[in-house]
Amino acid sequence: MGNFHEIREEVKNYILARTPLIIIETSERERAERILLSICKELSTDMYYYTETKQIVRIGSTNEENFDVANDPLLFAADIFKKKRKVIFGYGDVSKISEDSIYSREIINILYSAVEGNSTLILITKNPVYSRIAQFGMIAKLDYPVLDERYEQISNFIKPYRSRYNIEWDNEDIVMAATLLSGFSEIQINNILSNELVLSKGFYKENIQNLTLQKSKLYGTVPNVQSVNLKANMNVAGLDNLKSWLDEKKNIFFAPDENLSIYGLNAPKGILLAGVPGCGKSYSAKMIAQRWGLPLFRFDIGSIYDKYMGESERKMKEALDFIDNVAPCVLWVDEIEKALSVSGGENDTGKRILGQMLFWLQESVSRVFLVATANDVTLLPPELFRKGRFSEVFFVDLPNEEEREEVIKMYVSECLHIILREEQIKELIEISKGFSYSEIEYAIKESAQILFLYGSEKISFDTIKNKFKLIVPIEKSRAEEVEKVRQWGKERAVPAFTSRQGG
Ligand SMILES: Nc1ncnc2c1ncn2[C@@H]1O[C@H](COP(=O)(O)OP(=O)(O)OP(=O)(O)O)[C@@H](O)[C@H]1O
Ligand SMILES: [Mg+2]
């Protein structure tokens with residue numbers, strides 16, 4: 001496996017060593033051609049090169065020369081390998097060489113001549129090569145463009161349009177776009193950029209996130225993983241500790257492997273959010289995708305269970321493969337305990353699914369950030385918390401005074417379009433003690449409903465206050481449950497709120 005520059009060096013060395021056969025394994029013929037051309041230039045050497053459309057061209061040091069061989073390049077190659085020594089022949093469209101066939105045998109005969117004449121046959125193919133052919137030479141596997149190549153490709157693509165179109169992407173955006181377009185071939189990247197240009201008449205900041213959604217189209221869909229649309233502006237109040245943790249980890253998540261490996265680091269795998277209902281666990285999953293500019297996929301693990309033997313495992317694998325393919329992305333698993341709680345002991349399928357999940361969490365190298373939420377953490381298997389799995393476990397609690405102030409101001413301005421006086425805010429903060437975020441939101445939206453239906457004359461501060469008073473806060477209505485989850489949070493998790501403490 002290697003990128004453009006590594007493969008170029010590798011192939012060049014094989015040519016210098018007069019290896020009889022070099023197989024370049026790739027589905028991107030044009031990139032492989034560019035490699036060959038640049039090697040010929042550097043070594044000032046000639047090469048005969050065949051593709052169906054161009055027939056045979058002599059490229060390299062001397063002027064290009066064309067030979068029409070009526071689609072039978074092997075005859076030409078056999079002939080030239082017999083007549084001349086130290087010839088290089090590149091075959092750009094080779095197929096049907098995965099197994100024993102007349103065609104494969106013809107190639108083997110040519111290879112015998114190549115060995116004798118110190119010549120080299122180069123095959124570019126995306127399929128596996130029949131072992132009797134492969135044993136003559138070396139295989140160089142050209143991967144899809146790496147980050148640097150994608151960055152260059154995107155920069156070069158944009159350059160000529162700068163004067164004619166509206167191009168908002170700056171250097172940082174191009175890096176982001178290049179990151180998102182991992183796993184695409186050069187041609188696919190070109191197609192995606194062209195599409196974006198035609199559709200949007202430019203490259204705007206808000207288009208960056210859409211780039212990887214194209215990838216989910218490319219890999220088809222799987223029934224258990226769904227793409228989630230994100231609202232353009234999501235406001236999340238409180239949770240400052242989680243937010244600052246995310247801002248820090250974002251830089252690691254998006255850093256190239258080469259840079260991380262200098263420090264022995266890995267990209268963060270994800271977080272588990274546990275805590276009191278209505279305090280932003282599910283909402284945070286969306287917030288993270290939006291904050292990091294990544295597409296969000298929701299994985300419904302519960303729905304992969306199937307009554308047929310082995311089917312659940314197959315579906316799990318299919319889902320995880322899909323997720324690896326569409327990376328980088330945020331993967332949201334809501335109420336993970338429901339799908340992974342296998343405390344019963346007799347449930348073997350459940351255990352295997354959990355095993356698959358843990359293995360993937362630990363071993364997958366794709367940039368997927370998992371955001372799992374849990375309501376009843378006591379049901380979760382302890383293996384899930386071992387180091388190397390989740391990067392952090394966060395606990396979301398009922399909003400404290402400061403956070404209530406923030407969320408009240410936020411929804412009052414968003415939904416009621418007014419600014420309350422300080423003493424009014426203070427009063428609401430007082431009444432809403434023990435409320436969850438969603439209860440505060442609910443109370444304010446109840447007032448907003450009146451505003452919408454009957455106009456601003458029908459609403460006063462008292463109306464708003466009364467809506468708050470009607471709510472029995474979750475701290476009271478579900479006291480025992482809240483207490484239990486808080487106790488767990490204190491012992492086992494990092495608070496998602498309050499200012500950051502220590503490392
Ligand atoms: N921190 C927050 N800032 C602003 N709004 C919030 C916040 N937390 C929750 N909300 C509002 O409350 C709604 C419910 O929150 P969410 O669905 O995230 O709760 P949850 O913690 O997942 O609860 P549950 O345990 O019931 O699933 C959200 O859709 C959002 O409108
Ligand atoms: Mg939820």
Side-chain angles (χ1 to χ4, degrees), residues 226 228-247 271-291 296 298-302 330-341 370-380 393-416 425 428-429 432 434-449 467-468 471-475 477-486 488-489 493 495-499:
Q226 250 109 37
V228 180
N229 285 332
L230 295 169
K231 276 199 294 185
N233 46 355
M234 276 181 67
N235 290 317
V236 181
L239 315 180
D240 52 352
N241 199 23
L242 173 63
K243 285 176 186 164
S244 54
W245 186 91
L246 287 167
D247 288 346
I271 52 173
L272 175 69
L273 297 170
V276 184
C279 291
K281 296 186 294 296
S282 303
Y283 198 52
S284 293
K286 296 180 196 156
M287 179 246 317
I288 294 166
Q290 204 220 28
R291 250 177 133 79
L296 176 67
R298 183 165 184 231
F299 182 14
D300 184 2
I301 299 186
V330 172
L331 183 69
W332 170 29
V333 180
D334 214 22
E335 306 187 353
I336 193 171
E337 76 276 23
K338 291 205 176 132
L340 293 186
S341 55
L370 175 68
V371 181
T373 75
N375 282 356
D376 192 348
V377 276
T378 55
L379 288 178
L380 278 172
V393 179
F394 282 101
F395 173 66
V396 295
D397 202 349
L398 297 173
N400 60 21
E401 263 179 44
E402 227 173 274
E403 290 171 310
R404 292 205 298 281
E405 175 171 355
E406 193 184 337
V407 71
I408 289 169
K409 281 184 179 164
M410 193 180 102
Y411 282 116
V412 163
S413 113
E414 226 173 73
C415 307
L416 302 176
I425 299 268
L428 294 182
I429 294 173
S432 61
F435 281 35
S436 67
Y437 283 95
S438 69
E439 285 167 336
I440 292 174
E441 180 192 8
Y442 179 82
I444 294 169
K445 287 199 171 163
E446 284 286 284
S447 308
Q449 202 164 291
K467 292 292 176 197
F468 270 75
I471 288 178
V472 182
I474 188 168
E475 198 177 31
S477 63
R478 291 159 76 176
E480 228 175 275
E481 191 187 330
V482 170
E483 192 39 49
K484 194 171 113 185
V485 73
R486 275 182 161 167
W488 181 91
F497 50 97
T498 73
S499 52

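Side-chain atoms are counted along with the backbone in the values below, which use heavy atoms only and exclude waters and symmetry mates. First listed ligand is number 1; within each ligand, the first listed atom is number 1. Since we're looking at a predicted model, the values are computed, not measured.
A side-chain donor-acceptor contact under 3.5 Å links Q290 to the backbone of K231. At distances below 3.5 Å, not a single donor-acceptor pair connects side-chain atoms of E439 with backbone N or O atoms of P473. Formation of a donor-acceptor pair under 3.5 Å by the S436 side chain with backbone atoms of L398 is not found in this model. Proximity of a side-chain donor or acceptor of E403 to a complementary backbone N or O of L239 within less than 3.5 Å is detected. In this structure, K484 contributes its side chain and T378 its backbone to no donor-acceptor pair below 3.5 Å. Judged by distance alone, the side chain of Y283 and the main-chain N or O of N235 form a donor-acceptor pair under 3.5 Å.
Aromatic ring orientation, W245 versus F394: perpendicular (interplanar angle above 60°, classes split at 30° and 60°).
Scanning the protein for heavy atoms near atom 4 (C) of ligand 1, the closest one is Y411 OH, 3.4 Å. The nearest heavy-atom contact from the protein to atom 18 (O) of ligand 1 is Y283 N, 2.7 Å. Among protein heavy atoms, the minimum distance from atom 17 (O) of ligand 1 is reached at S282 CB, 3.6 Å. Considering only non-hydrogen protein atoms, atom 15 (O) of ligand 1 sits nearest to G280 N, 4.0 Å. Among protein heavy atoms, atom 2 (C) of ligand 1 sits closest to Y437 CD2, 3.5 Å.
At least one heavy atom of V236 sits less than 4.0 Å from an atom of ligand 1.
Close contacts between ligand 1 and S438 involve ligand atoms 12 (O), 13 (C), 14 (C) [criterion: under 4.0 Å to a heavy atom]. If you number the atoms of ligand 1 from 1 as listed, the ones under 4.0 Å from a heavy atom of M410 come out as 4 (C). Proximity to C279 (heavy-atom distance under 4.0 Å) selects the following atoms of ligand 1: 8 (N), 19 (O), 21 (O). Ligand-side atoms of ligand 1 in range of N235: 4 (C), range being under 4.0 angstrom from any heavy atom. Ligand-side atoms of ligand 1 in range of A237: 1 (N), 2 (C), 3 (N), 4 (C), range being under 4.0 angstrom from any heavy atom.
Within 6.0 Å of CD in E414 there are more than 12 heavy atoms belonging to other residues, nucleotides or ligands.
Note: an N/O pair closer than 3.5 Å links G278 and ligand 1 by distance alone. The shortest N or O to N or O distance between E441 and ligand 1 is under 3.5 Å.
Here the NZ atom belonging to K281 is positioned 4.5 Å from the CG atom belonging to N375, to the nearest 0.5 angstrom. The distance from atom CZ of F468 to atom CD1 of I440, rounded to the nearest 0.5 Å, is 6.0 Å. Atoms CG and CD, on N400 and E406 in that order, are 10.0 Å from each other to the nearest 0.5 Å.
Neither the backbone nor the side chain of E403 has a heavy atom within less than 4.0 Å of ligand 1.
Taking all heavy atoms of E335, K445, E439, K243 into account, the minimum distance to atom 27 (O) of ligand 1 is reached by E335.
Less than 2.8 Å away from the Mg ion (ligand 2), the protein contributes these N/O/S atoms: S282 OG.
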